[in-house]
Student: 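Once you've had a glance at the structure underneath, I'll fire off some questions.
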Amino acid sequence: MFRVQVIHGPNLNLLGLREPDIYGRQTLATIDAFLAAEAELLGIALDCFQSNSEGALVDCLQATFGHKDGILINPGAYTHTSVAIRDAIAAVGLPAVEVHLSNIHRRESFRHHSYIAAVAVGQICGFGADSYRLGLHALVHHLKSLQP
Ligand code: DQA
């Protein structure tokens, strides 16, 4: 059974209230609940973690080493700033899929660059909360492709 760590970065705890025109009206609790249901359908084990703190996100990433098989991450604004999160993903060496609710490429230019993309298997953005579901499927598909 694949073990997946879902990681949500800063301000994603405010989903539902935060700029709903951009991020939609679903709360993080709703997203975590549908990911849990999706995980059951896929037959995988899934844990979700959110923090506003870069160090806590790095700690969570480090803790995946030896305990998880893959990472689904929305690094929020740290996408565009954090070498530390990028290095933590590279350090643990697990397949990671980067997701964003909004299409970061059609927004402000400072959102166009992701420090995470180069260490991710791939990036899914622009589908609202469904980016997470699509990202989870992509990650599981990728993990299956790595099996002998
Ligand atoms: C986000 C996009 C980021 O640019 C932004 O800072 C976020 C959310 C998204 O899911 O669309 O906090 O990661």
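Bear in mind the structure is a predicted one, so any value in this text is a computation, not a measurement. Ligands are counted one by one from 1 in listed order, and the atoms in each one are counted from 1 as well. All values below were derived from every heavy atom in this structure, side-chain atoms included, with hydrogens, water molecules and symmetry-related copies excluded.
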Student: Closer than 4.0 Å to some heavy atom of H80 - which atoms of ligand 1 meet that?
Tutor: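 Selected atoms, number and element: 3 (C), 4 (O).
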
Student: Is the closest heavy atom of R18 to ligand 1 under 4.0 Å?
Tutor: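 Checking ligand 1 against R18, which is what was asked, there is a heavy-atom contact under 4.0 Å.
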
Student: A quick test of your reading: do over 12 heavy atoms of other residues, nucleotides or ligands sit less than 6.0 Å from NE2 of H67?
Tutor: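 Not more than 12 within 6.0 Å, no.
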
Student: Using a 3.5 Å cut-off on N or O atoms only, is A77 in polar contact with ligand 1?
Tutor: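 So ligand 1 has an N or O lying under 3.5 Å from an N or O of A77.
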
Student: Near S102, which atoms of ligand 1 are under 4.0 Å from a heavy atom of that residue?
Tutor: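 Atoms satisfying the 4.0 Å criterion: 2 (C), 9 (C), 11 (O).
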
Student: Quick one: look up the protein heavy atom nearest atom 1 (C) of ligand 1 and list residue, atom name and how far away it is.
Tutor: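 Ranking protein heavy atoms by distance from atom 1 (C) of ligand 1, first comes H100 ND1, 3.7 Å.
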
Student: Around atom CZ of F49, are there more than 12 heavy atoms of other residues, nucleotides or ligands at under 6.0 Å?
Tutor: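 Yes - once you tally the heavy atoms of other residues, nucleotides and ligands closer than 6.0 Å, there are more than 12.
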
Student: Check if Y23 has a non-hydrogen atom at a distance under 4.0 Å from any atom of ligand 1.
Tutor: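 Judged by the 4.0 Å heavy-atom criterion, Y23 does count as contacting ligand 1.
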
Student: Do we get R18 above Y23's six-membered ring, with its NZ or CZ under 6.0 Å from the centre and within 45° of the axis?
Tutor: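 Checked: cation-pi criterion met.
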
Student: Within the distance-only criterion (no hydrogens, no angle test), does the side chain of N52 pair as donor or acceptor with the backbone N or O of N11 below 3.5 angstrom?
Tutor: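 Yes, because the side chain of N52 sits within donor-acceptor range (under 3.5 Å) of the backbone of N11.
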
Student: For R111, which part has a heavy atom under 4.0 Å from ligand 1: side chain, backbone, both, or neither?
Tutor: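 Answer for R111: side chain.
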
Student: Nearest 0.5 Å please: distance from the CG atom of N103 over to the SG atom of C125.
Tutor: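 That separation rounds to 4.0 Å.
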
Student: Indicate whether the side chain of Q123 and that of H105 have a donor and an acceptor atom separated by less than 3.5 Å.
Tutor: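 Indeed, the side chains of Q123 and H105 share at least one donor-acceptor pair under 3.5 Å.
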
Student: With the 4.5 Å side-chain cut-off for hydrophobic clustering, are I44 and I31 part of the same group?
Tutor: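 Yes, I44 connects to I31 through the hydrophobic network.
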
Student: Determine, using heavy atoms of T79 and all atoms of ligand 1, whether some pair is separated by less than 4.0 Å.
Tutor: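 Not so, T79 does not reach ligand 1.
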
Student: Search all heavy atoms of L46 against all heavy atoms of A39 and return the closest pair with its distance.
Tutor: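 Heavy atoms only, the tightest pair is CB-CB, 3.7 Å.
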
Student: Would you call I104 a ligand 1 contact, heavy-atom distance under 4.0 Å?
Tutor: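 Yes; I104 lies near enough to ligand 1 that a heavy-atom distance drops under 4.0 Å.
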
Student: So for ligand 1, is L101 a polar contact partner (N or O within less than 3.5 Å, distance only)?
Tutor: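 Yes; at least one N/O pair falls below 3.5 Å.
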
Student: Please classify the N74 to ligand 1 contact at 4.0 Å (heavy-atom distances, strictly less than): side chain, backbone, both or neither.
Tutor: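 Contact part for N74 vs ligand 1: side chain (C-beta onward).
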
